[in-house]
Structures are given as C-alpha cells and as structure tokens.
Amino acid sequence: MTMVRTRFAPSPTGFLHIGGARTALYCWLYARKTQGTFILRIEDTDILRSTPESVAAILQGMAWLNLAYDEGPFYQTKRFDRYRAVLEQLIAEGHAYRCYCSKERLEALRTTQLKQKEKPRYDGLCRHLTESQPGPFCVRFKNPAEGVVTFDDLIRGTVTFANNELDDLVIARTDGTPTYNFTVVVDDWDMKVTHVIRGDDHINNTPRQINILRALAATPPFYAHVPMILGSDGKRLSKRHGAVSVMQYREEGFLPEALLNYLARLGWSHGDQEIFSIEELVEYFEIKDINRAAAAFNLDKLLWLNQHYLKTSDPAYVAKELLWQMARLGVDVSDGPPLEEVVRVQCERTKTLQEMAERSRYFYEEVQVNDEMKRHIVPDILPALRSVRDHLASLSVWTKESIHLVLTETAAENGLKLGKLAQPLRVALTGGTVSPPLDATLFLMGKARVIERINKAAAIC
Ligand code: GLU
C-alpha cells in the first residue's frame, strides 16, 4: 500500500491567512490519520512578491498552531537546476517547445480574439517549428489538442475539462525562470505527493498539471479542492471582514486549539459534533466529509469555542498565552498573583485572552484615580471602607473564606447591604466595576496591596 504524502505549499507573499491555515490543517490531519507524511513547501519563485518576512510569518503561524511538518520546508528557489533539467527533458521529448512570439504579436492576437468574441489563447504558431530561431523565447507546454482531462476530485467528484479549452501554457519565462504550474508538477512528482489538498481557486490549474504529469509519464496524485471561506456578507473572506492572519488571532487572544477546532469545522463535519480535541480530529477526519459548498466565517462561534478552551484547558497552559498578552501590554507580572490563578478566576467571564489580560492588569499595576472612583468613593462610604480595611488588616489567615466573612460582617456592622460595600470596594481595588467575585479578587491581590489601595482611594474624597 502506498503511504499517504500530503503537502502544504504556500506562496510567501504575506502572512499565513486562515484559509491557508485551514488547508494546512486538512493536509496535516490526513497525514496524521493515515500515518503518512506532511510536507511543507515554500513556493517562492515569484521573486518580486516573495519575502523572507513572509516565510518567517508562515513558519511562525504553523508553529503556533502546532502543525508540525515531517519534511521540509523545501524552497522552490533552491530547485531551479531540477526544473531546468525537467524542462530540457520535456523539450527533448517533444512535449514542450520554444516560443519566439513577441509581446506585440501576442497582444495583437489577444485583441483580435477578443474582438471576435473568442476566448484569448495562444494560437500555437511556434508549436511546429523545427529549427531554433534567434532572439528571446519562452517555453510552452504542448497541451494535447483534443480529448478531455478527467479527474475524480475527492470532494467534488468527477471533474472534466476539454483540452481545447487549455492552451499551450508557458512553463518557463523568457528569462528562463519556471512558472507556477510547472514547478508544482515537478515538486509534487519528486516529492511523491499522493494527495493534493488545496483551495478550489486552483481547480483550473489541475487539468494543466495533470497533462504535464502525464507527459512526464508520472501518475497524477489524488486531488481535493477545498471551497473557500466567505465573510458574513457571502463574499470571499478578506481583510475588510476583520482579522485574516493567523497571528492576528493570537494577538486578539485566541488559543490555537480554538482556532484549529473552528477551522476544522468550518468546511468539514462529523455529525453534529462541534467540539473536537486534536486527537478526535485526527481520528474522525475524512476528506470525503469536507463540504462542497463554501462556508461563512462566524466570529461568534469562534469566540464561543475560545471560551470553551479557556475554561477547559490546563490553567498553567492558558497562563503561558496570558503571559504573552501581558507582555504585549507591557505589564510586568513578577509582582502579583500567579497567572495560573488569574486564569482560574477570569476564564468564566472573558472570551479572549486579550480581554482577560486587559481585565487583569490591576493585579499587577497601580490603579489610577478615574471617574468611576470619584463616583463610587464618596464621603458616606468612608467609614465602612475604613472599617473593612481594619478588619482585613487584622486577619491572620488570608483566605477567600476569611475575606468573605470580613466583607459580610463589616457590611452588617455598618448597616449596609453587601453590594453597597462591595461595589465601592471593588472600584477602589480595581479601578472599575467589573471583576471576579470580590473575595477571590482580594485574595489574589494580597493583603498589602488591598490595604494600600483602600487607603489611596479613601484619600480622594
Ligand atoms: N502556492 C500556491 C498558493 O499559495 C498553492 C499551490 C498548490 O497548493 O498547488 O496558492
């Protein structure tokens, strides 16, 4: 039995976007499921648009998502000798030819064809040349003139293209550099790729690639063309719909598990199940269960999944991502409660780590006097604030329970409902009206900081 070999083949012309990440995930899942091999190939032959920063961004995105590759990264720019050799082979065997047509001729041809309402295509003038000519040339693949190319797409079923719809494709430019459809073929062939899982924007390239593979006497791989991701307005997902880069999702406070789960489900299903561990995904994933129709991105669902993972993942693990967020905010967490404890109290009330970080700053940073404080810390409440401070200061055991008791007893002593004391106290300690339960907040903040903040707040009125 042939072992499955899949590949993810991004062009490094930008960050890793979520459409690419989903394709990578499907390739990775299928390789893991079948104990096959997952290859990473960087398609960087477009020298003008490819950048080392994009390569780094793609590798960083894959690493953060934990999509480890077994082979690669292979760089197409390092394989030019190989492409040249295959090009020579195709020319020698009569499957490709040098085309000397000038830009002007091709332009004029195109104009005439458009005028005659024909699809613009190369007319094959140089196809039958027997002698080399002087002057610059590109190399074209001699596409079969008749018949059809048919393949069984693993998602769409049988797909057929008429050969007369496909003209003689340029496989090497005038400067000798190979073109996309050609390098992909050579690579998929050399890397013994068995399953090409990629976006359906490539479906028109597939018959061309199959024809070139056949000319090389290579067996074409299986193809699976994944429908694109749409924005909520039904248009192709793009920046104007919000974040499209994987790392931007990290910045916005998503856990990789949530994004992977979301992307897996966006375009694939296993019954009605919504939440999948990575192990379950590997177990259940089947290419045939990828949806044929394009799916729309739904941020609310991703947020829901994210909160699920914030609540159910190991707090020590979540704390690592929270630390990253805190560092982004410039918050030094060395003086304050362990982040793991913060995760435990905040995970119920925040949907992203960014939100969690923003709402936990007061555990580590000074609270500045603000309007909320001026509204809540009023002369009437001072006696109660002072008495709660004194009771707290005299506590010998600092636990949630002992703190809770002090809060309820002080409120009663001062003839207040607990809420009437709790809210000004919360504002004094956190600078705002929203926090985890007060006993937990005080406990995590620590006695010294609590006393200091009550004193500071009391001084404002
Ligand atoms: N490099 C192509 C892209 O980024 C993908 C090619 C392929 O998967 O065959 O769109």
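If you read the sequence from its start, that first residue is 1, and numbering goes on from there. Just so you know, ligand 1 is whichever comes first in the structure, and atom 1 is the first atom listed for that ligand.
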| Tyr180 heavy atoms, cut-off 4.0 Å: which ligand 1 atoms fall inside? | 6 (C), 7 (C), 9 (O)
| field | contact_flag Arg7 ligand 1 heavy-atom lt 4.0 Å | value | yes
| note | The closest protein heavy-atom partner of atom 5 (C) of ligand 1 is Ala9 O, 3.3 Å
| query | Is the Phe297 ring parallel, tilted or perpendicular to the Tyr262 ring (thresholds 30°, 60°)? | reply | perpendicular
| field | Numbered atoms and elements of ligand 1 in range of His202, under 4.0 angstrom, heavy atoms | value | 2 (C), 3 (C), 5 (C), 6 (C), 10 (O)
| request: Check ligand 1 against Ser11 and write out every atom of the ligand that is under 4.0 Å from a heavy-atom position of the residue. | output: 1 (N), 2 (C), 3 (C), 4 (O)
| field | Residues forming a salt bridge (charged side-chain N to carboxylate O under 4.0 Å, His left out) with Asp233, sequence neighbours excluded | value | Arg240
| field | Per-atom contacts of ligand 1 with Glu43, taking only distances under 4.0 Å to non-hydrogen atoms | value | 1 (N), 2 (C), 5 (C), 6 (C)
| said: Tell me if the CZ atom of Arg110 is crowded by more than 12 foreign heavy atoms within 6.0 Å. | reply: no
| message | Ring-plane angle category for Phe285 and Trp268, please: parallel below 30°, perpendicular beyond 60°, tilted otherwise. | response | tilted
| Axial cation check for Phe137 ring with Arg98, 6.0 Å and 45° limits | yes
| said: With a heavy-atom distance limit of 4.0 Å, tell me whether Phe8 approaches ligand 1 through its side chain, its backbone, both, or neither. | reply: neither
| task | To the nearest 0.5 Å, tell me how far Ile155 CD1 sits from Ile290 CD1. | result | 4.0 Å
